There are 2 protein chains.
Amino acid sequence: MDYAPILNNIAKYVTLTEEEEIYFTSFLHYKKVKRKQYLLEAGDINTKISFVTNGCLRSYAIDKNGGEHVLQFAPVGWWIVDMRSLLNHEPARLNIDAIEETELLYILKPDLDALQLKYPKFERFGRMLAENAMATYQHRQIDNMILSAMERYSNFCTLYPSLILSLPQKQVASYIGVTPEFLSKMLNTVVVK
Amino acid sequence: MDYAPILNNIAKYVTLTEEEEIYFTSFLHYKKVKRKQYLLEAGDINTKISFVTNGCLRSYAIDKNGGEHVLQFAPVGWWIVDMRSLLNHEPARLNIDAIEETELLYILKPDLDALQLKYPKFERFGRMLAENAMATYQHRQIDNMILSAMERYSNFCTLYPSLILSLPQKQVASYIGVTPEFLSKMLNTVVVK
DNA sequence: GGTAATTGTTAATGTAGATTAAGGGATTTA
DNA sequence: TAAATCCCTTAATCTACATTAACAATTACC
């Protein structure tokens, strides 16, 4: 098993000793999910936090008419979780599935708790990861409050440059909060002269 | 100075020793802000994290037409910050001001950093606070993706029961993402028969 | 205590984006 | 390799909510 990608991710925040690395990786589980296969279904309890090493996951919620609304994409190097479900053992509101065949490493919440109690460095890592996620969600919310659909599309291209090429347009539309029909019109109605 | 409210807030997550309490409170600053007075202006660097002990603060962003959009209210017992500005020393996108005369305690980022390095318990507290905030923002985002204006209003009443009575309706409208005119119409168009 | 500013309401009109529908092209999958 | 599914586009119609405006009722503050 190649743990380099996940260890590199952690190394952005804290420097682990060899002992800590070994202890940490002993808790990791490997999983491969096929296209469209669920990692988490709304209603279930989210018990793990996952790190993508290959492929791409997405989290989304479903409205009362059955429409899908993408909260997040997780390409290689991203973490994904329904945090409220993980923290409070509540049924998840999010579905997580694979956009394409995807490989990931995950750690179970009880193991993560034990890890953080034993090595404060993982408290520190967890804090920084959560702080960054919070900052990202704060500014996503601001974007949604004050930007137009076109500006949100531009932001998307900056945030996920690797995805804009590979992702079906309807997934992008779902993320920025418009219908696929509207996104198509928006992108094809070039402002001429 | 009465540090009981902020220490009780921390005690929800971790149990401090007397030494840790004394060290922590030695970093706290007290501030009183009048109605409409700024604690943070967009464009400035957010250098502190604030805890409200009396009154109520709000954070909001301004769109290109000058319209205000409320991200968060912080009544007694809540924390408030522009996290991206704090973490990356970037200019804040949020304004923070007081809805009414407000008293607060704040800690500067460098002092918090020192505190967390010295006592891992504050890493733990910071992690939990950030995780909870992240979970809240995740689900706020989901709400905005899949709920109607009326449902978002109901959620608001549940989230901020103390505010729904004291807050001007236009502030509520700004938080749930509609105009004051629309909220007024929505609440007064009672479904009869 | 009086004037100014803020707030809530109603109503007419405007608009960004949704919905519905339909056709053709590309990808899956059996 | 064929059938089925998925994807993108265009266009007509529709709707939730914004905008503008005007007035009365509060509330803040000099």
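We name chains A, B, ... by the order of the sequence lines, and we start the count at 1 in each one. Here the structure is a predicted model, which is why all the values come from computation and not from measurement. Below, all heavy atoms of this structure are taken into account, side chains as well, without hydrogens, waters or symmetry copies.
When ring centroids are compared, B:Y119 and B:F24 stay outside the 6.0 Å threshold.
Checking C:dT9, C:dT20, C:dG8 against the side-chain heavy atoms of B:P168 singles out C:dG8 as nearest. When distances run from any side-chain atom of A:E181 to the nucleotides C:dA18, C:dT20, D:dT19, the shortest one goes to C:dT20. Residue A:V178 has its side chain nearest to C:dG17 when only C:dG17, C:dT10, D:dA18 are considered.
At least one side-chain nitrogen or oxygen of B:R35 sits closer than 4.0 Å to the OP1 or OP2 atom of D:dC29. Checking the phosphate oxygens (OP1, OP2) of D:dA18, a side-chain nitrogen or oxygen of B:T179 falls inside 4.0 Å. Dashed line: the shortest gap from a side-chain N or O of B:Q169 to OP1 or OP2 of C:dT6 is not under 4.0 Å. For D:dC7, the OP1/OP2 oxygens have no side-chain nitrogen or oxygen of A:Q171 closer than 4.0 Å.
Using a 30° and 60° split on the angle between ring planes, A:Y160 and A:F73 fall in the perpendicular class, above 60°. Ring geometry for B:Y23 against B:F27 counts as perpendicular: the plane angle is over 60°, on a 0 to 90° scale with 30° as the lower cut.
Put simply, CE on B:M150 and CG on B:L183 are 8.5 Å apart, with the number rounded to the nearest 0.5 Å.
With rounding to whole Å, B:I99 atom CD1 is found 15 Å from D:dT27 atom C1'. What separates CE of B:M145 from C1' of D:dA16 is a distance of 19 Å, to the nearest Å. In this entry the distance linking NZ of B:K170 with C1' of C:dT9 reads 14 Å, nearest Å. For B:Y153 and D:dA16, the OH to C1' distance is 19 Å, given to the nearest whole Å. Counting to the nearest Å, the P atom of C:dA4 and the NZ atom of B:K36 are 16 Å from each other. Rounded to an integer number of Å, the gap from NZ of A:K185 to P of C:dT15 is 14 Å. When rounded to the nearest whole Å, the span between NZ of A:K34 and P of C:dT29 equals 11 Å. As a whole-Å value, the separation of B:I176 CD1 from D:dC17 P is 9 Å.
Heavy atoms of A:G67 sit nowhere under 4.0 angstrom from any nucleic acid atom.
Position along DNA chain D of the nearest nucleotide to B:R152 versus A:F182 favours A:F182 as the more 5'-ward residue.
In this structure, B:Q72 and B:W78 have side chains that are in contact, with non-hydrogen atoms separated by less than 4.5 Å.
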